[in-house]
There are 2 protein chains.
Amino acid sequence: MKPTTLKQIAELLDISTSTVSKALKGYSDVSEKTKRLVLETAKLMNYRPNSFAVNLRTSESKTIGLIVPEIVHHFFSSVIKGIISQAEKKGYLVIILQSNESYKLEKKQLDLLLSQRVDGILISLANGTGNFDHLNDVLLQNKPLVMFDKIAKIIKCSKVIIDDRKAAYTATQHLVDIGCKKIAHFRGSLLPQNSIDRFLGYKQALLDNNMPYDSSLVYICECGDRSFVEGKESARKLLNEHNDVDGIFINTDLVAIGAMTEFQKLGVKVPEDISIVGFSNWFMSSVISPTLTTIDQPGYQMGKTAFKRLYKEIQQIKRNETVTHKKIVLDTALVVRESTIEAK
Amino acid sequence: MKPTTLKQIAELLDISTSTVSKALKGYSDVSEKTKRLVLETAKLMNYRPNSFAVNLRTSESKTIGLIVPEIVHHFFSSVIKGIISQAEKKGYLVIILQSNESYKLEKKQLDLLLSQRVDGILISLANGTGNFDHLNDVLLQNKPLVMFDKIAKIIKCSKVIIDDRKAAYTATQHLVDIGCKKIAHFRGSLLPQNSIDRFLGYKQALLDNNMPYDSSLVYICECGDRSFVEGKESARKLLNEHNDVDGIFINTDLVAIGAMTEFQKLGVKVPEDISIVGFSNWFMSSVISPTLTTIDQPGYQMGKTAFKRLYKEIQQIKRNETVTHKKIVLDTALVVRESTIEAK
DNA sequence: CGGTAAAACGAAATCGTTTTCGTTACGAAA
DNA sequence: TTTCGTAACGAAAACGATTTCGTTTTACCG
């Protein structure tokens with residue numbers, strides 16, 4: 001019933017546990033005969049090393065922790081997939097927690113992971129996170145920490161991100177290029193760096209094209225559970241307040257889809273009357289009608305890259321080398337689809 | 001640099017590790033004075049019990065394993081969320097692996113989890129899984145195993161599922177009720193029980209309504225990465241072969257969305273010309289146009305229920321009680337939206 | 001046959017925590 | 001003063017695997 005131990009094998013063969021251990025690990029000071037014998041009985045008894053004991057001895061668990069704001073989300077689940085696939089290759093397992101965009105939960109979970117003594121931690125911050133002491137706690141314990149997507153610039157650790165500002169600039173420029181004269185922006189909430197940067201990219205693009213920046217053309221959406229509805233609401237408001245807008249750059253795809261749905265309902269044609277660019281390239285965006293022009297945010301690759309970076313730092317700590325930090329910026333791409341069209 | 005241990009606290013206070021341990025755990029044979037002293041220094045030195053040592057002693061890791069065929073998938077990510085939320089409440093962490101619908105990977109990952117000595121395992125089978133020895137291995141080790149959604153009837157363990165057959169029956173009956181005269185079915189691949197049961201539900205509904213079952217009206221889709229495209233292809237084929245079909249029950253939402261997209265492109269109106277019912281109630285289905293009538297498959301609740309069941313069995317094993325197995329069937333609901341309409 | 005080197009094996013410590021079972025010390029009762 | 005009880009503490013074993021450093025055995029050569 002209880003799993004086989006080295007001791008049991010040793011007693012059965014009437015040799016010492018040391019020899020059994022060495023045989024299993026292929027040491028050279030074990031005769032071929034006993035080696036064979038041990039390997040056979042081990043297989044027969046379905047022996048598996050007790051990972052608790054191994055962990056205790058080596059002080060590593062071959063496990064990393066991952067905290068995301070939300071699991072049921074195309075971008076994050078892609079990231080998770082990327083992380084897991086890469087981790088598996090290196091023999092690491094991944095413990096996943098979700099902060100539900102709550103600072104309090106995030107803090108608690110980080111603590112949990114430290115207590116569990118994972119070998120490293122990957123995190124994408126909650127929108128509500130404004131205090132970063134809990135992150136510094138991790139670094140103080142000399143545990144590798146890599147942040148991705150939603151990061152805190154102030155923390156001294158490796159980061160994997162996209163250039164939100166540049167991507168937003170590209171998106172807005174696209175609207176300018178196709179002939180939009182009055183471009184609105186549905187931005188995310190005020191805290192996270194991403195929505196700030198995207199906003200700044202939007203603004204910069206306007207200025208560089210000698211178009212006036214008008215703050216009343218910027219609408220705020222929380223981009224949480226209500227994204228779709230927020231998109232609808234903002235679309236309706238926009239029509240009331242500025243019915244001559246001919247292009248919108250929207251912080252995230254789901255809000256954009258909400259907006260498009262509302263426009264269709266109100267008889268405003270996308271892209272004929274208004275061109276729309278989203279952000280993230282959710283899978284959904286390629287199957288709705290009209291398909292959505294958007295910025296492709298490489299979630300899977302981000303996950304892979306983040307793990308690789310974390311792995312490198314774990315190795316560095318193991319070898320007592322000084323840990324290096326790196327900021328890795330992944331490329332985004334504008335995906336032009338049906339929701340934007342050249343003005344006639 | 002290295003984490004604080006009991007020994008360090010003991011040496012600092014010039015008492016034994018036993019006393020320190022007892023003080024931290026609130027034993028009664030420690031004086032109030034030393035208890036306070038220990039607690040203070042522990043906090044000061046940021047002491048956390050070494051989980052490796054604790055695990056070794058208690059033979060449990062407070063960790064469970066989860067294997068799903070695919071993470072980037074609305075239903076499964078909802079399940080994952082349900083599992084994690086519930087696990088957290090009970091102080092359990094969740095290690096997630098994905099089988100990529102591959103039997104070989106699934107087997108390997110199950111082995112990995114056993115080696116890691118998780119306290120229990122939750123699994124939804126890969127489509128490719130036809131052999132079940134690896135699952136019995138888990139049970140032989142006396143480890144609790146709970147299967148959900150994609151199960152193997154033959155394995156003696158707890159299961160959490162929906163009644164696919166009944167749900168499919170309801171979906172088909174809905175098409176009959178609104179007046180469809182010739183109803184097609186896009187089914188999933190041949191192996192998994194789900195797609196078999198949904199097919200059987202479809203067939204039964206036809207028979208009960210005195211409508212002829214015609215196997216040429218049943219199209220097979222693998223429902224993997226290519227779901228959307230498969231939906232389009234099948235839609236096109238269907239039009240060629242049976243242009244008088246006025247209703248389709250489709251195995252999964254994404255295929256349905258593919259089909260709808262193709263119909264729209266080919267000038268066939270949904271729901272006026274053809275009514276469509278999907279399955280799963282992906283979030284996407286509520287935001288596309290027309291919104292999709294579908295069967296709501298309660299992923300989040302399934303995750304919660306599966307964990308609760310696993311937790312109960314873990315407790316039973318801890319207390320040396322005999323482990324009971326249960327088959328839990330969750331309710332589904334028909335969600336009527338715009339893709340189906342009463343025939344005139 | 002004695003000696004030596006190499007080959008094969010084992011004892012024991014270690015990782016950090018927990019818990020059982022003593023042991024000590026001290027005050028109170030006899 | 002002796003005895004007993006109790007409060008407070010500590011020694012040590014245990015969980016299972018690993019590895020260092022001996023120790024024993026074998027083989028071989030002179």
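Computed from a predicted structure; not experimentally measured. Heavy atoms only: backbone and side chains are in, while hydrogens, waters and symmetry mates are out.
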Fill in: Heavy-atom closest pair, residues A:Ala306 and A:Leu122
O-CD2, 3.7 Å
Given atom [atom1] of [X] and atom [atom2] of [N], what is their separation to the nearest angstrom?
X: A:Leu37; N: C:dC9; atom1: CG; atom2: P; answer: 10 Å
X: A:Phe52; N: D:dA17; atom1: CZ; atom2: P; answer: 12 Å
X: A:Tyr27; N: C:dA6; atom1: OH; atom2: C1'; answer: 19 Å
X: A:Arg48; N: D:dG16; atom1: CZ; atom2: P; answer: 16 Å
X: A:Asn50; N: D:dA14; atom1: CG; atom2: C1'; answer: 13 Å
X: A:Leu56; N: C:dA13; atom1: CG; atom2: C1'; answer: 13 Å
X: B:Arg57; N: D:dG16; atom1: CZ; atom2: C1'; answer: 13 Å
X: B:Asn55; N: C:dT17; atom1: CG; atom2: P; answer: 12 Å

Flag side-chain contact, heavy atom, 4.5 Å: [X] against [Y]:
X: A:Phe148; Y: A:Ile161; result: no
X: A:Leu66; Y: A:Ile123; result: no
X: A:Leu125; Y: A:Ile151; result: no
X: B:Cys157; Y: B:Leu139; result: yes

Item to complete: Please tell me which of B:Ala53 and B:Lys25 maps to the more 5' nucleotide of DNA chain C, matching each residue to the nucleotide holding its nearest heavy atom.
Response: B:Ala53
Item to complete: Could you tell me whether the phosphate oxygens of C:dT17, OP1 or OP2, come under 4.0 Å of any side-chain nitrogen or oxygen in B:Tyr47?
Response: yes
Item to complete: Find the distance between NZ (B:Lys159) and NZ (B:Lys156) and round it off to the nearest 0.5 Å.
Response: 7.0 Å
Practice prompt. Give the C-alpha distance, both sets of side-chain angles, the deciding distance and a yes or no for salt bridge (Lys or Arg N to Asp or Glu O under 4.0 Å) between A:Asp119 and A:Lys62.
Written response: CA-CA 6 Å; A:Asp119 296 343; A:Lys62 289 279 183 179; over 6 Å; no
Filtered N/O pairs between nucleotides 25-28 of chain C and protein, under 3.5 Å:
none

Worksheet item: So, B:Arg117 and A:Ser51: side-chain donor and acceptor under 3.5 Å apart, yes or no?
Response: no
Show me the protein contacts with nucleotides 8-11 of chain D, counting only N or O atoms at under 3.5 Å.
residue, atom, partner, partner atom, Å
D:dC9, OP2, B:Ser31, N, 3.0
D:dC9, OP2, B:Ser31, OG, 3.2
D:dC9, OP2, B:Thr34, OG1, 3.0
D:dC9, N4, B:Asp29, OD2, 2.9
D:dG10, OP2, B:Ser16, N, 2.8
D:dG10, OP2, B:Ser16, OG, 3.0
D:dG10, OP2, B:Thr19, OG1, 2.7
D:dG10, O6, B:Lys22, NZ, 2.7
D:dA11, N7, B:Ser18, OG, 3.2
D:dA11, N6, B:Ser18, OG, 3.1

Worksheet item: How about A:Lys35: does its NZ atom have over 12 heavy atoms from other parts shown lying under 6.0 Å from it?
Response: yes
